[in-house]
Amino acid sequence: MAGVPPEHDLTEPRSWFSLFRAKGGALVIIAGAFCLLMTLISVNGYRNAIQFERTGVTIVAEAVDRRIRSDSDGADDYYVTYRYIVDDVTYEKNRKVSHGQYSLARPGSTHTIRYLPHRPEKFETYVGEARDDAQGFQMIAGFAGVGGLIGLWFYGNRTNRFMLTRKYGYRSVATIEAITETKNSGRPSGRGYLVWRTEGGMRGESLMHPIGKLRAIGIGSRINVYIRKDHSVWEGDVGPQKLSDNQLPKVGRGAPN
């Protein structure tokens, strides 16, 4: 089997999941976790909506104050302070609202809200707010789920291609033509990838690695790659091929000396 001394520290074939994360699959995992979180929030929102619809009491509240707050990104958040009376007790609560609600909530204006009898301090700034919020989170969860599935298909296919190339491809030697460092917001990211060309003229690129590790290998160095059809992968990305039993030395198979 063709090869040069390895320029990496992988001694075992790299697992599918490890390659999947390196190929960008971490985004899929994040999307899945986000989908789950939004689903849980949506389920809780529907429970609140049912509670408001079954036991909620509508009442007229007065908008006594409103304000705009800017977050660290410069986006505006809108708040309105509502005042209402339940059983001779005055409640004054500040709530985050939409821009449309903020525009209508001039101080002194009145608005129909809905509160829970056993928890008067808990209220909807308009009738049906809890259900609308639950449906909004449900939609976000759906988008995250669809995005996660698309990502699973896309990055999964790329990972499978790497795995198949290592498993069924033949080992050869390539020469590094370039070491490219990526940028983050216009600044060097500290990570990059190798660009190589095989003896047959096939061009290939590695996964992302710390740029110092790649520069230590150096442009012009020869590296081990696996080639299958029109695709080549670096052994330093996928690990060495797993030797079949008949390729192992007899002592490695437990045969008597």
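This chain uses plain numbering: 1 for the first residue, then up along the sequence. Note that this is a predicted model, so its numbers are computed, not measured. Any value given below was found using the heavy atoms of this structure, including those in side chains, with hydrogens, waters and symmetry copies removed.
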What residues form a side-chain hydrogen bond (donor to acceptor under 3.5 Å, both in side chains) with [X], not counting sequence neighbours?
X	value
E7	W234
R191	none
N48	K122
T182	S189

Any ring-ring contact (aromatic ring centres under 6.0 Å, His included) involving residues 109-131? Give me the pairs, sequence neighbours left out, ordered by first then second residue.
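For residues 109-131: Y82-F123, Y84-F123.
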Under 4.5 Å between side-chain heavy atoms, chaining through other members, with only Ile, Leu, Val, Met, Phe, Trp and Tyr counted: pull out the rest of the cluster around M208, sorted by chain and number.
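Y193, V195, listed by chain and number.
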Listed once per pair and sorted, the side chain to side chain donor-acceptor pair (under 3.5 Å) pairs that draw on residues 56-65, sequence neighbours left out
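Of all non-adjacent pairs touching residues 56-65, those that pass side chain to side chain donor-acceptor pair (under 3.5 Å) are D65-R67.
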For residues 24-42, run the donor-acceptor check on the side chains, cut-off 3.5 Å, and write out each pair with its distance to 0.1 Å, sequence neighbours left out.
| residue | atom | partner | partner atom | Å |
| --- | --- | --- | --- | --- |
| T39 | OG1 | C35 | O | 2.7 |
| S42 | OG | A134 | O | 3.0 |

Can you sort out the partners of F137 under ring pair (Phe, Tyr, Trp, His ring centres under 6.0 Å), two or more places apart, ordered by chain and number?
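With neighbours one apart ignored, the set is empty.
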Within the structure provided, determine whether Q101 and V80 are in side-chain contact (heavy-atom separation under 4.5 Å).
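No. Closest side-chain heavy atoms not under 4.5 Å.
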K229 atom NZ, over 12 foreign heavy atoms within 6.0 Å:
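No, NZ of K229 has 12 or fewer neighbouring heavy atoms, counting only those of other groups under 6.0 Å.
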Can you give each donor-acceptor pair under 3.5 Å made by side-chain atoms of residues 158-165, sequence neighbours left out, with the distance rounded to 0.1 Å?
| residue | atom | partner | partner atom | Å |
| --- | --- | --- | --- | --- |
| T159 | OG1 | Y155 | O | 2.8 |
| N160 | OD1 | W16 | NE1 | 2.7 |
| N160 | ND2 | G156 | O | 3.3 |
| R161 | NH2 | D230 | OD1 | 3.2 |
| T165 | OG1 | R161 | O | 2.8 |

Which residue pairs pass the salt bridge (Lys or Arg N to Asp or Glu O under 4.0 Å) test when at least one of the two sits in residues 218-227, sequence neighbours left out?
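Counting only pairs at least two positions apart or across chains, the salt bridge (Lys or Arg N to Asp or Glu O under 4.0 Å) contacts touching residues 218-227 are E199-R222.
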Not counting sequence neighbours, list each pair that qualifies as a salt bridge (Lys or Arg N to Asp or Glu O under 4.0 Å) and has a residue in residues 20-41.
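Applying salt bridge (Lys or Arg N to Asp or Glu O under 4.0 Å) to every pair that reaches into residues 20-41, excluding sequence neighbours, yields nothing.
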